[in-house]
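Note that the structure is a prediction, hence the values are computed from the model and not measured.
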Amino acid sequence: MRRSFSTRSVTAAFLLLQALLVSLTFPVTELFSDLPLFHIDNAAHWYRITTAANLAESGNVVGYDPFFNAGTATGIAANPAAKVPALLLA
């Protein structure tokens, strides 16, 4: 019983520390706003998700964007980091 209490308290301390460190670098209040999160690499994910959703509206799952990054493949299949959100929007 004593070991279980110790494990739980250490786990709770680590989770509290993690929440504290995240709150220092990430604006938690923006989670509940209507603004998209553009911190660190979220802007790239947002771009990939919205272009995949726009392609899905036109009936395509893959496409080519000639204006971004000197031309880049886009869509659900060409989205290594956000396939699930792109599928959900499609």
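Although no hydrogens or angles enter the test, the distance criterion places no donor-acceptor pair under 3.5 Å between the side chain of Asn60 and the main chain of Val62.
Using a 4.5 Å heavy-atom cutoff, the side chains of Thr72 and Tyr47 are in contact. Using a 4.5 Å heavy-atom cutoff, the side chains of Arg8 and Thr11 are not in contact. Contact of the Leu16 side chain with the Leu20 side chain is not registered, since no non-hydrogen atoms from C-beta on lie closer than 4.5 Å.
Atom-to-atom distance recorded for Thr74:OG1 and Leu55:CG is 5.0 Å, nearest 0.5 angstrom. For the atom pair Ile49 CD1 and Ile76 CD1, the distance stands at 11.0 Å (nearest 0.5 Å).
The minimum heavy-atom distance between Gly75 and Ala52, with the atom names listed, is C-CB, 4.0 Å.
Cluster annotation: Leu21 is not connected to Phe14 through the hydrophobic network of ILVMFWY side chains, with a link wherever side-chain heavy atoms come within less than 4.5 Å.
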